[in-house]
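Worksheet: one structure, shown below.
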Number of protein chains: 2
Amino acid sequence: MHPEEMFMTRATLRDVAAYAGVSHQTVSNVLNDHPSIRPTTRQRVMDAIRALDYHPNVAAKALRESRVTTLCCAFYGHSADEVADPYRNLVQSAFISEANAHGYNITTALLGGDRPGGFEGLRAAYMQRAFGGAVVVSTTLPPGRMRELAAWGLPTVLFDHEDPQGQLPSVTTDYAGGMAGLVAHLVSRGRRDLALVIPSDDFGSSAVLRREGFLAAARAHGVRSRIEAGAWSYEAGEAAFRRLWAGEDRPDAVLCGNDRMGAGALSAARALGVRVPEEVAVSGFDDFEFARYTAPSLTTIHVPHEAMARLAVRRLLSLLSGTAPPDEPPGCQLPVTLVPRESA
Amino acid sequence: MHPEEMFMTRATLRDVAAYAGVSHQTVSNVLNDHPSIRPTTRQRVMDAIRALDYHPNVAAKALRESRVTTLCCAFYGHSADEVADPYRNLVQSAFISEANAHGYNITTALLGGDRPGGFEGLRAAYMQRAFGGAVVVSTTLPPGRMRELAAWGLPTVLFDHEDPQGQLPSVTTDYAGGMAGLVAHLVSRGRRDLALVIPSDDFGSSAVLRREGFLAAARAHGVRSRIEAGAWSYEAGEAAFRRLWAGEDRPDAVLCGNDRMGAGALSAARALGVRVPEEVAVSGFDDFEFARYTAPSLTTIHVPHEAMARLAVRRLLSLLSGTAPPDEPPGCQLPVTLVPRESA
DNA sequence: CTGAAAGCGCTAACAC
DNA sequence: GTGTTAGCGCTTTCAG
């Protein structure tokens with residue numbers, strides 16, 4: 001049989017065995033690095049594998065071993081803006097390369113809102129053994145959903161938010177510390193009256209930590225602080241800035257909960273003829289690509305999305321293999337970096 | 001056996017059969033909508049499926065049917081900017097929902113550059129039957145790579161670029177028409193001296209079509225046109241604008257090959273104290289989110305990424321099922337929309 | 001219309 | 001060290 005013929009229909013383990021003149025089990029042993037395979041046999045088998053362009057069938061492997069080599073990257077959040085969040089790319093890109101490095105594939109799912117087959121679809125795919133575990137990416141997840149994930153027995157790592165119950169492992173970043181660094185930076189530049197634009201009703205740990213970090217830091221520095229409600233979007237940032245500027249006592253720094261709101265605040269300032277940073281400092285949070293493009297460029301906090309993503313994959317893998325140290329705390333926080341630009 | 005017990009270890013088809021008091025084959029027939037199953041039997045089986053929370057094992061199905069229900073969404077392009085391209089999210093999001101609607105999952109791969117396991121990894125995953133076909137997303141793909149994909153027998157649909165050989169099916173958008181619309185818009189606003197910033201050495205059909213569409217439209221309108229080299233990035237847009245402005249005869253409109261370069265051009269104009277659009281019009285191409293956030297906001301061409309993505313999935317599916325009409329042309333082009341904003 | 005048999009490609013358990 | 005047997009969960013024959 002000529003090697004080329006094998007390309008018609010993919011070679012199987014038995015084809016390799018026949019070609020190498022050994023039993024199919026020997027081939028399997030070679031592939032799984034079983035000890036005590038004679039080097040010459042091993043070489044013969046490897047040659048046959050190469051000659052026949054053999055690739056193991058993942059479905060057969062998964063069926064036999066009842067474990068799959070696919071991980072799910074699940075993004076929660078339904079708004080068009082959220083779907084388009086550039087940070088999702090970075091996260092997913094890091095997921096993919098980290099997972100691939102461990103021999104896993106990544107399947108991506110979209111959760112939340114009215115999207116058909118959101119959480120139910122995730123569960124169905126898991127029950128069908130389409131993937132072995134998931135990283136759920138979101139700044140906020142309803143507690144009921146977290147309990148569901150835990151109840152389903154779905155191996156899960158939360159990304160960018162924590163489980164208040166401490167059941168699900170999570171990878172987050174130091175939001176509070178980021179806010180503290182920002183406040184310190186602003187105070188050192190002479191700012192004394194700080195306003196933070198952030199949703200006031202968001203239960204997600206991401207919002208809560210930013211809020212509390214801000215308030216605590218302002219208190220520690222002895223400067224005035226206040227919260228202005230705003231819902232993560234560009235438009236919300238614009239509106240919040242206008243409200244703050246319409247008031248009697250205007251702040252000398254407007255901190256925004258994310259870059260998108262920061263861009264909105266800059267736009268409102270420009271429209272109102274307010275000079276940034278001379279009259280008021282403006283900052284964001286996330287360090288999206290467009291933070292470099294605004295006028296003036298946006299001072300912000302860089303979130304280490306790539307490192308977080310790689311860590312999340314590793315934590316998920318150790319969860320799946322059961323090698324997670326039992327004393328490991330569920331939460332895990334990576335540091336952020338202040339990125340001073342023109343706006344503050 | 002109590003239903004709850006089944007949750008420990010997932011229920012199989014035989015469990016369902018035992019619970020419903022039929023043979024396992026009958027359950028399979030019910031699931032596959034085989035004709036001539038008695039309604040009462042069918043109902044009993046459905047009840048058992050629900051009671052046991054049965055979900056078919058995709059690996060077993062794939063093994064038996066030798067076809068998988070996973071499609072690969074492969075992004076080509078290595079630069080950090082490309083990875084962060086917001087349009088990738090939209091494309092992927094549409095892929096996922098369209099594929100899910102047809103009962104398929106999506107796995108995502110990153111190709112290109114020095115990324116370990118790029119094209120070789122894609123082929124390996126395909127050979128392992130990790131997915132059945134792929135959509136390759138990129139504005140440009142080396143012809144050699146296209147020939148590889150075709151040679152491997154990998155069912156492929158190209159997204160956002162065409163196969164010059166016409167072998168691989170593709171879904172693109174009307175780049176030339178978009179440029180023509182933009183030129184018409186600018187001419188109607190009194191512009192007579194147009195410069196297009198775009199790579200001059202990019203062989204990708206996306207760049208070629210934008211370039212040629214621009215030149216043809218300018219010729220048709222009888223206005224002056226020129227090409228200024230620039231390599232898709234923000235910084236390239238900035239530099240190109242500065243070069244154009246440093247010259248003797250400045251254009252009255254600077255068209256940029258994408259929004260990122262448009263944002264760079266706006267920044268350069270601002271830095272040079274050039275008023276946009278009074279002194280010069282600036283435009284982009286793509287309609288990224290940040291085109292709304294620049295100052296002034298960026299006039300651009302909206303590319304129907306979502307519709308293209310859905311179409312690409314459907315074309316891939318018909319390719320896989322062999323139901324593609326044989327006379328269907330390989331290329332397929334969707335229309336673009338002009339989005340006039342402040343900058344032009 | 002329903003049941004029994006065979007096998008997709010692979011690996012874990014035993015013989016040899 | 002190597003080969004044989006059995007079976008993961010499913011669907012496609014083919015008998016009843």
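The structure displayed is predicted, hence computed values, not measured ones. For the numbers below, each heavy atom of this structure counts, side chains included, while hydrogens, waters and symmetry mates do not. First the proteins, then the strands, lettered A, B, ... as listed; each starts at 1.
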| task | Answer with yes or no whether the side chains of Ser170(B) and Thr172(B) bring together a donor and an acceptor at under 3.5 Å. | result | no
| Does Thr41(B) put a side-chain nitrogen or oxygen below 4.0 Å from OP1 or OP2 of dC1(C)? | no
| message | Distance check, rounded to the nearest 0.5 Å: Arg10(B) atom CZ versus Asp53(B) atom CG? | response | 9.5 Å
| If we ignore angles and hydrogens, is there a donor and acceptor under 3.5 Å between the side chains of Arg310(B) and Ser97(B)? | yes
| Quantified as the angle between the terminal helix axes (five pairs each), what is the overall bend of the helix from dC1(C)-dG16(D) to dC16(C)-dG1(D) to 10 degrees? | 40°
| Would you say the side-chain atoms of Arg44(B) pair up with the backbone N or O of Ala20(B), donor to acceptor, closer than 3.5 Å? | yes
| field | side chain to side chain contact (heavy atoms under 4.5 Å, CB included) partners for Pro330(B), two or more places apart | value | none
| field | Cationic tip of Arg145(B) above Phe119(B) ring, under 6.0 Å, 45° of axis | value | yes
| query | Is any side-chain nitrogen or oxygen of Thr26(B) closer than 4.0 Å to OP1 or OP2 of dC1(C)? | reply | no
| B/S/- contact track for nucleotides 8-16 of chain D, protein heavy atom under 4.0 Å | BBBBB----
| query | Within the side chain of Tyr126(A), is there an N or O that forms a donor-acceptor pair under 3.5 Å with the backbone of Gly153(A)? | reply | yes
| query | In terms of the angle between their ring planes, are Phe159(A) and His305(A) parallel, tilted or perpendicular, with boundaries placed at 30° and 60°? | reply | parallel
